[in-house]
Amino acid sequence: MRIVELSHETKASILNDLLKRSPNNYTQYEETVNEIIGKVRTQRDSALFDYTLKFDGFALNAGNIKVTKEEIAEAYERLDEDLIKVIRKSGENIRIFHTKQLRNSWFDAREDGSILGMKFTPIASAGVYVPGGKAAYPSSVLMNVIPAKVAGVSKLIMTTPPGADGKVNPGTLVAADIAGVDDIYKVGGAQAIAAMAFGTESIPKVDKITGPGNIFVALAKKAVYGHVSIDSVAGPSEILVLADETANPKYVAADLLSQAEHDELASAILITTSRELAQKVSKWVEEFLEKLSRKDIMRKSLDNYGYILLAESLQDAVDAANEIASEHLEILTANPFEVMTKIRNAGAIFLGEYASEPLGDYFAGPNHILPTNGTAKFFSPVNVDDFIKKTSIISYSREALERVHREVEIFAESEGLTAHANSIKVRFEE
């Protein structure tokens with residue numbers, strides 16, 4: 001990996017490179033995506049069937065679009081029993097973690113006769129998109145579905161592309177069944193997003209769409225936002241390791257590669273105050289690359305978006321980490337908890353040499369659907385609140401309103417909204 005001195009210029013250059021990976025920069029595909037969405041919106045099932053035959057090679061129809069109970073049972077038979085047990089345990093960890101996020105509606109009754117409050121209500125329906133083929137990750141099924149179920153979403157569907165034989169990845173089906181998906185449909189790509197956003201004869205319209213996908217899926221989610229809610233327009237995976245001289249270079253190298261293997265656009269960055277550590281990490285990266293199966297992908301990722309940045313001080317390293325706002329941030333320092341208090345921007349923070357990033361991807365419980373491309377500065381991981389609506393509650397007695405009615409009228413009149421003022425005033429006219 002290249003070793004670069006951290007400076008204002010290098011930081012700006014790296015940030016610019018990372019932002020180029022955002023789906024917002026792939027506007028050349030928007031026309032195609034909009035065309036797909038338009039056809040699905042008007043032609044409904046007919047468009048889904050045509051696009052599935054074109055892109056997936058499977059003759060979809062109204063009779064085979066929905067995954068059957070028999071297909072789910074077959075998926076259990078095809079999957080290793082030990083893996084099924086791990087999926088169940090992971091799902092339970094995710095459920096426990098997200099249950100702690102639940103909040104109750106509240107009301108504040110005051111002596112002046114006013115009542116203020118907040119009512120929490122789960123959204124009625126949600127749809128989860130799950131990629132197919134080599135990008136089929138059962139872990140993402142759990143991370144999307146379980147927070148929605150914990151929130152109390154009453155109807156939860158899933159779309160995922162079939163193979164040319166009409167089969168769906170067995171791990172995806174087992175994870176969906178364990179997580180509690182109600183119905184699964186064999187549709188992928190932008191057409192699946194459009195179907196969930198507007199509804200077809202076979203697929204119901206939902207209130208929110210979550211889940212990862214390729215650039216066409218990401219742009220489709222962006223295009224339908226407003227008709228439905230979405231989780232985010234996710235970009236490629238990224239990891240930033242913040243380390244000092246106490247870090248184990250072998251661990252650091254292994255963790256950087258754990259994200260670089262996702263795809264050629266993935267980003268892996270080490271920021272350290274130790275030149276010796278930087279050099280050792282670079283050597284370990286080369287050694288691991290020769291042994292790991294996805295070395296071609298990892299090498300391209302590191303060549304394009306991999307950096308080892310040498311910082312003059314730990315504070316400089318922290319400042320750079322906050323600017324980059326990485327999806328995953330590992331802190332491998334002498335006192336990681338102290339450093340963590342200085343971090344403002346990160347999707348998920350991993351503390352200490354045994355909190356390796358894949359622990360969060362698969363098993364620990366916190367959600368692995370995280371903000372990317374610097375959006376951790378203002379976005380959060382997927383959580384129970386993503387599936388909850390909040391409604392304000394206001395109740396005033398005549399006595400409570402009488403004490404403040406003139407203030408409200410003055411405010412409304414100052415904005416030229418006389419009907420607003422009149423709505424209050426008429427209640428106190430003789």
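What's counted below: heavy atoms across the whole structure, side chains too, no hydrogens, waters or symmetry copies.
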### Query
Where is the tightest heavy-atom contact between H368 and G360, given as atom of each residue plus distance?
CB-O, 3.7 Å
### Query
Taking the side chain from Y225 and the backbone from D231, do they hold a donor-acceptor pair closer than 3.5 Å?
no
### Message
I'd like to know if the side chain of S258 reaches the main chain of D255, judged simply by a donor and an acceptor atom lying under 3.5 Å from each other, with no hydrogens or angles considered.
### Response
yes
### Task
Rounded to the nearest 0.5 Å, what's the gap from CD on E30 to NZ on K222? Could you check?
5.0 Å
### Query
Hey, does the side chain of D183 reach the backbone of I157 with a donor-acceptor pair shorter than 3.5 angstrom?
no
### Query
Checking R398 side chain against R427 main chain: does a donor-acceptor pair fall under 3.5 Å?
yes
## Note on the structure
Shortest non-hydrogen pair, P381 vs G347, comes out as CG-O, 3.3 Å
### Message
Does any part of the side chain of M298, heavy atoms only, come nearer than 4.5 Å to the side chain of F288, both counted from C-beta?
### Response
no
### Donor-acceptor pair, side chain of S395 and main chain of I115, under 3.5 angstrom
no
### Task
Check whether any side-chain N or O of N93 sits under 3.5 Å from a backbone N or O of F363 as a donor-acceptor pair, and report yes or no.
yes
### Task
Nearest 0.5 Å please: distance from the CD1 atom of I94 over to the NZ atom of K149.
15.0 Å
### Task
For E111, look at atom CD and say whether over 12 heavy atoms of other residues, nucleotides or ligands are found less than 6.0 Å away.
no
### Neighbour count above 12 (heavy atom, 6.0 Å) for K155 NZ
yes
### Task
Identify the heavy atoms of A197 and I209 that sit nearest to each other, and give their distance.
N-CD1, 3.9 Å
### Task
Measure from the side-chain N and O atoms of T372 to the backbone N and O of E327, and report whether any donor-acceptor pair falls under 3.5 Å.
no
### Message
To the closest 0.5 Å, what do you measure between CD (Q191) and CZ (F55)?
### Response
6.0 Å
### Task
Applying side chain to side chain contact (heavy atoms under 4.5 Å, CB included), run through I193 and V217 and close with a yes or a no.
CA-CA 7 Å; I193 302 302; V217 169; 4.0 Å; yes
### Worked check of side chain to side chain contact (heavy atoms under 4.5 Å, CB included) between Y396 and D112
CA-CA 9 Å; Y396 269 55; D112 64 2; 5.6 Å; no
### Salt-bridge criterion met for E35 and K39 (N-O under 4.0 Å)
yes
#### Entry: Between CG on residue D45 and CD1 on residue I65, distance to nearest 0.5 Å
5.0 Å
### Within 6.0 Å of CD in E31, more than 12 heavy atoms from elsewhere
no
### Task
Step by step, work out the side chain to side chain donor-acceptor pair (under 3.5 Å) result for K389 and T391.
CA-CA 7 Å; K389 298 185 290 110; T391 306; 5.1 Å; no
### Query
Within a strict 4.5 Å, meaning less than it, do heavy atoms of the L102 and F120 side chains meet?
no
### Side chain to side chain, H98 and N367, heavy atoms closer than 4.5 Å
yes
### F378, CZ atom: more than 12 neighbouring heavy atoms under 6.0 Å
yes
### Summary
CG of L257 to CE of M1, rounded to nearest 0.5 Å, is 8.0 Å
### Task
Assess whether side chain to side chain contact (heavy atoms under 4.5 Å, CB included) is satisfied between V252 and E330, documenting all intermediate values.
CA-CA 9 Å; V252 174; E330 289 189 4; over 6 Å; no
### Task
Measure the shortest side-chain to side-chain distance between L329 and I343 over non-hydrogen atoms and say whether it is less than 4.5 angstrom.
yes
### Task
Could you tell me whether E92 and K89 have a side-chain N and a carboxylate O separated by less than 4.0 Å?
no
### Task
Take the angle between the ring planes of F428 and H405 and call it parallel below 30°, perpendicular above 60°, tilted in between.
parallel
### Query
Where the side chain of N61 meets the backbone of F49, is there a donor-acceptor pair that is under 3.5 Å apart?
no
### Message
When you measure from the side chain of H328 to the backbone of I349, do you find a donor-acceptor pair of N or O atoms at a distance under 3.5 Å?
### Response
no
### Task
Please check if any side-chain donor atom of D177 sits under 3.5 Å from a side-chain acceptor atom of Y76, or the reverse.
yes
### Query
For atom OH of Y362, is the number of surrounding heavy atoms from other residues, nucleotides or ligands below 6.0 Å larger than 12?
no
#### Entry: Residue pair K66 / E71: nearest heavy atoms and the distance that separates them
O-OE1, 3.9 Å
### Query
At their closest point, which heavy atom of L156 faces which heavy atom of A148, and how far apart are they?
CD1-CB, 3.2 Å
### Message
Which heavy atom of T210 sits nearest to which heavy atom of K221, and what is that distance?
### Response
C-NZ, 4.2 Å
### Message
I want to check something: taking the side chain as every heavy atom from C-beta on, are E415 and H420 in contact at a cut-off of under 4.5 Å?
### Response
no
### Task
Kindly check if the number of other-residue, nucleotide or ligand heavy atoms within 6.0 Å of OH (Y29) is above 12?
no
### Task
Go through the side-chain N and O atoms of T121 and K119 and say whether any donor and acceptor fall under 3.5 Å apart.
yes
### Query
Nearest 0.5 Å, what's the CD1-CG distance between I394 and L116?
6.5 Å
### Message
Quick one, K208 and D386 - any side-chain contact, counting heavy atoms below 4.5 Å?
### Response
yes
### Side chain proximity check, K377 to E323, heavy atoms < 4.5 angstrom
yes
### Task
Using modelled atom types only, decide if a donor and an acceptor are shared between the side chain of S326 and the backbone of A346 within a distance under 3.5 Å.
no
### Query
Should L6 and K11 count as side-chain neighbours, where that means a heavy-atom distance under 4.5 Å?
yes
### Message
Test side chain to side chain contact (heavy atoms under 4.5 Å, CB included) on V318 and L242; report intermediate values, then the result.
### Response
CA-CA 8 Å; V318 168; L242 199 161; 4.1 Å; yes
